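So the structure is just underneath, and the comments pick up after that.
Quick caveat: nothing in here was measured; it's all calculated off a predicted structure.
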Amino acid sequence: MSEINKVVLAYSGGLDTSVIVRWLQDTYNCEVVTFTADLGQGEEVEPARAKAEALGVKEIYIEDLREEFVRDYVFPMFRANTIYEGEYLLGTSIARPLIAKRLVEIANETGADAISHGATGKGNDQVRFEMGAYALKPGVKVIAPWREWDLNSREKLMAYCEERDIPVDFAKGKKKSPYSMDANLLHISYEGGILEDPWAEAEADMWRWSVSPEEAPDQPTYLELTYEKGDIVAINGEAMSPATVLAYLNKVGGENGVGRLDIVENRFVGMKSRGCYETPGGTIMLTAHRGIESITLDREAAHLKDELMPRYAKVIYNGFWWSEERKMMQQMIDYSQRNVNGDVRVKLYKGAVSVVGRRSKDSLFDESIATFEDDAGSYDQKDAEGFIKLNALRMRIAASKGRSLLDD
């Protein structure tokens with residue numbers, strides 16, 4: 001273990017990663033560099049500095065990455081209308097590539113020869129962190145304490161702290177949530193506790209970002225979202241940065257009970273996992289983006305995107321953001337967005353998001369053709385007869401040869 005001289009740790013300042021700092025120092029006799037990312041989790045990240053200093057850490061990185069996170073990761077993902085297994089908006093998954101990138105960059109800056117993280121050996125995050133690190137720095141060493149140590153309970157972690165005089169007043173001073181939670185600007189997730197029983201309903205006081213639909217206002221809220229090349233650039237006529245857009249939509253969506261989700265998903269490592277998620281802003285973004293695409297995308301381009309999306313979602317969920325296939329798909333997706341410009345009006349009401357208006361200078365909607373009134377010859381309905389017969393030709397031939405589908 002002596003070959004490990006310096007390690008960059010993804011550090012939250014919580015109990016687990018504070019124990020990891022000392023464990024790395026004791027086990028590998030190495031210097032630890034901590035990296036704390038502000039991705040909009042809603043909690044102060046600066047206190048992590050004092051906690052790291054108390055553990056003897058000399059090099060401490062605390063960075064506000066909110067704009068980069070939304071601009072370069074969340075927005076590109078939403079251009080594809082990405083959902084995993086038909087429901088999950090990938091709030092945790094999409095944050096990991098950025099953290100992995102910064103871990104590698106800081107390792108290069110500080111001369112570290114290893115990175116470390118606090119993900120367990122049962123979850124997806126270990127895969128996402130390490131896939132990203134290996135893609136960006138092939139020779140990097142990765143230390144995953146949860147796969148090495150036997151500190152597999154909160155009680156053992158606390159005992160470890162007491163034995164080694166690790167300051168954990170910050171952990172003792174407040175009631176611990178029964179859930180394992182992860183938050184960033186896109187979502188907050190909940191796992192563990194009562195949620196380990198997939199039949200049990202989530203407790204009402206678990207949710208933090210949204211009111212229940214039953215308690216949401218009795219009057220709907222309307223928003224007008226302006227798109228340029230598939231990204232929201234303004235809300236109600238006010239220009240906003242990517243992170244500001246998502247923060248605003250989280251606030252308004254949460255106030256209207258939007259974005260709650262309770263699912264059982266298939267983890268990459270093979271097990272099923274029950275989780276609850278709050279993604280108010282992302283839920284609005286997904287609905288609105290499909291609304292603007294409905295009038296600006298060619299039919300076959302839209303259908304191809306829909307066929308591609310599940311593969312794209314799986315790539316992100318499984319930790320392959322930094323892969324050739326994701327880059328290839330992203331180029332196709334981004335190309336499709338060059339005319340996705342205009343405005344979408346959405347209605348938020350008691351947990352629901354509805355598109356109630358869409359307009360664009362790049363619209364492919366032709367009222368003169370689509371109208372049920374007199375179209376002044378824009379569309380000859382007689383053309384449909386030949387169209388239908390040609391498309392039915394193969395079925396007519398098969399039926400004439402005695403192939404009946406009624407026999408099956």
Side-chain angles (χ1 to χ4, degrees), residues 7-21 23-24 34-41 43 45 48 65 69 73-74 77 82 84-85 88-104 106-107 114-137 140-149 151-152 154 157 177 179-193 195-196 263-279 313-323 326:
V7 180
V8 181
L9 169 66
Y11 181 67
S12 69
L15 174 62
D16 292 14
T17 51
S18 293
V19 169
I20 289 174
V21 171
W23 183 87
L24 288 170
T34 59
F35 163 55
T36 305
D38 181 359
L39 299 179
Q41 50 265 48
E43 297 179 354
V45 295
L65 300 178
F69 172 53
Y73 298 84
V74 176
M77 182 176 74
T82 312
Y84 177 69
E85 296 186 334
Y88 176 38
L89 289 169
L90 297 167
T92 297
S93 314
I94 195 59
R96 296 337 189 196
L98 174 54
I99 294 174
K101 178 175 80 78
R102 283 303 294 143
L103 283 172
V104 167
I106 293 169
I115 64 165
S116 183
H117 59 77
T120 76
K122 286 187 175 182
N124 297 307
D125 280 343
Q126 58 179 338
V127 181
R128 296 164 183 154
F129 285 134
E130 295 175 36
M131 287 284 198
Y134 289 135
L136 300 174
K137 189 177 175 67
V140 71
K141 298 181 179 66
V142 178
I143 301 174
W146 281 95
R147 300 202 299 254
E148 296 186 30
W149 67 19
L151 304 176
N152 54 8
R154 182 173 174 82
L157 291 172
S177 168
Y179 308 103
S180 172
M181 297 184 295
D182 177 77
N184 57 53
L185 260 179
L186 183 54
H187 88 160
I188 182 169
S189 66
Y190 308 87
E191 293 180 315
L195 301 179
E196 292 185 351
I263 62 174
V264 174
E265 66 199 64
N266 289 293
R267 286 182 177 172
F268 190 25
V269 295
M271 70 184 73
K272 290 185 181 291
S273 172
R274 193 268 187 97
C276 291
Y277 302 95
E278 287 178 282
T279 321
K314 186 167 70 171
V315 163
I316 294 175
Y317 185 86
N318 289 348
F320 290 91
W321 176 268
W322 301 109
S323 67
R326 202 281 304 176

### Query
Is there a side chain to side chain contact (heavy atoms under 4.5 Å, CB included) between Trp146 and Gln126 once you walk through the steps?
CA-CA 10 Å; Trp146 281 95; Gln126 58 179 338; over 6 Å; no

### Message
Would Glu130 and Arg147 count as a salt bridge (Lys or Arg N to Asp or Glu O under 4.0 Å) here? Give the steps.
### Response
CA-CA 13 Å; Glu130 295 175 36; Arg147 300 202 299 254; 2.8 Å; yes

### Query
For Ser273, which of Glu265, Glu196, Glu191 qualifies under side-chain hydrogen bond (donor to acceptor under 3.5 Å, both in side chains)?
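So the option named by the test is Glu191.
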
### Task
Run the numbers on Thr92 and His187 for side chain to side chain contact (heavy atoms under 4.5 Å, CB included), then give the verdict.
CA-CA 7 Å; Thr92 297; His187 88 160; 2.9 Å; yes

### Query
What residue among Thr17, Leu9, Val142 forms side chain to side chain contact (heavy atoms under 4.5 Å, CB included) with His117?
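Exactly one option meets the side chain to side chain contact (heavy atoms under 4.5 Å, CB included) with His117, and it is Val142.
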
Show the nearest heavy-atom pair for residues [X] and [Y], with the distance to one decimal.
{"X": "Trp23", "Y": "Ile143", "value": "CZ3-CG2, 4.0 Å"}
{"X": "Ala48", "Y": "Thr36", "value": "CB-OG1, 3.8 Å"}
{"X": "Ser18", "Y": "Gly13", "value": "OG-O, 3.7 Å"}
{"X": "Val19", "Y": "Trp149", "value": "CG1-CZ3, 3.8 Å"}
{"X": "Ala10", "Y": "Ile99", "value": "CB-CG2, 4.4 Å"}
{"X": "Asn184", "Y": "Gly91", "value": "ND2-O, 2.9 Å"}

Return the set of residues passing side chain to side chain contact (heavy atoms under 4.5 Å, CB included) with [X] (not counting sequence neighbours), or none when no residue passes.
{"X": "Val315", "answer": "Arg311, Phe320, Ser323, Glu325, Arg326, Met329"}
{"X": "Val264", "answer": "Pro198, Lys272, Arg274"}
{"X": "Leu136", "answer": "Lys101, Val104, Trp322"}

Is there a side-chain contact between [X] and [Y] in this structure, where contact means two heavy atoms from C-beta onward sitting under 4.5 Å apart?
{"X": "Thr279", "Y": "Tyr88", "result": "no"}
{"X": "Val74", "Y": "Leu185", "result": "no"}
{"X": "Tyr73", "Y": "Pro97", "result": "yes"}

### Worked check of side chain to side chain contact (heavy atoms under 4.5 Å, CB included) between Met77 and Leu89
CA-CA 9 Å; Met77 182 176 74; Leu89 289 169; 5.9 Å; no

With rounding to the nearest 0.5 angstrom, report the [atom1] to [atom2] distance, [X] to [Y].
{"X": "Leu151", "Y": "Leu15", "atom1": "CG", "atom2": "CG", "value": "10.0 Å"}
{"X": "Arg96", "Y": "Phe129", "atom1": "CZ", "atom2": "CZ", "value": "4.0 Å"}
{"X": "Arg128", "Y": "Asn318", "atom1": "CZ", "atom2": "CG", "value": "8.0 Å"}
{"X": "Ile20", "Y": "Leu157", "atom1": "CD1", "atom2": "CG", "value": "8.5 Å"}
{"X": "Leu90", "Y": "Tyr277", "atom1": "CG", "atom2": "OH", "value": "9.0 Å"}
{"X": "Ile316", "Y": "Thr82", "atom1": "CD1", "atom2": "OG1", "value": "5.0 Å"}

### Query
Does any N or O in the side chain of Asn124 come within less than 3.5 Å of the main-chain N or O of Phe268, such that one atom is a donor and the other an acceptor?
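Here the side-chain-to-backbone pair exists.
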
### side chain to side chain contact (heavy atoms under 4.5 Å, CB included) evaluation trace for Ile188 with Gln41
CA-CA 8 Å; Ile188 182 169; Gln41 50 265 48; over 6 Å; no

### Message
Tell me whether the count of non-hydrogen atoms from other residues, nucleotides or ligands lying under 6.0 Å of NZ in Lys314 goes above 12.
### Response
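Incorrect, the count does not exceed 12.
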
### Query
Looking just at side-chain N and O atoms, do Glu85 and Tyr317 make a donor-acceptor pair shorter than 3.5 Å?
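Their side chains do not contain a donor-acceptor pair, so the 3.5 Å distance test is not met.
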
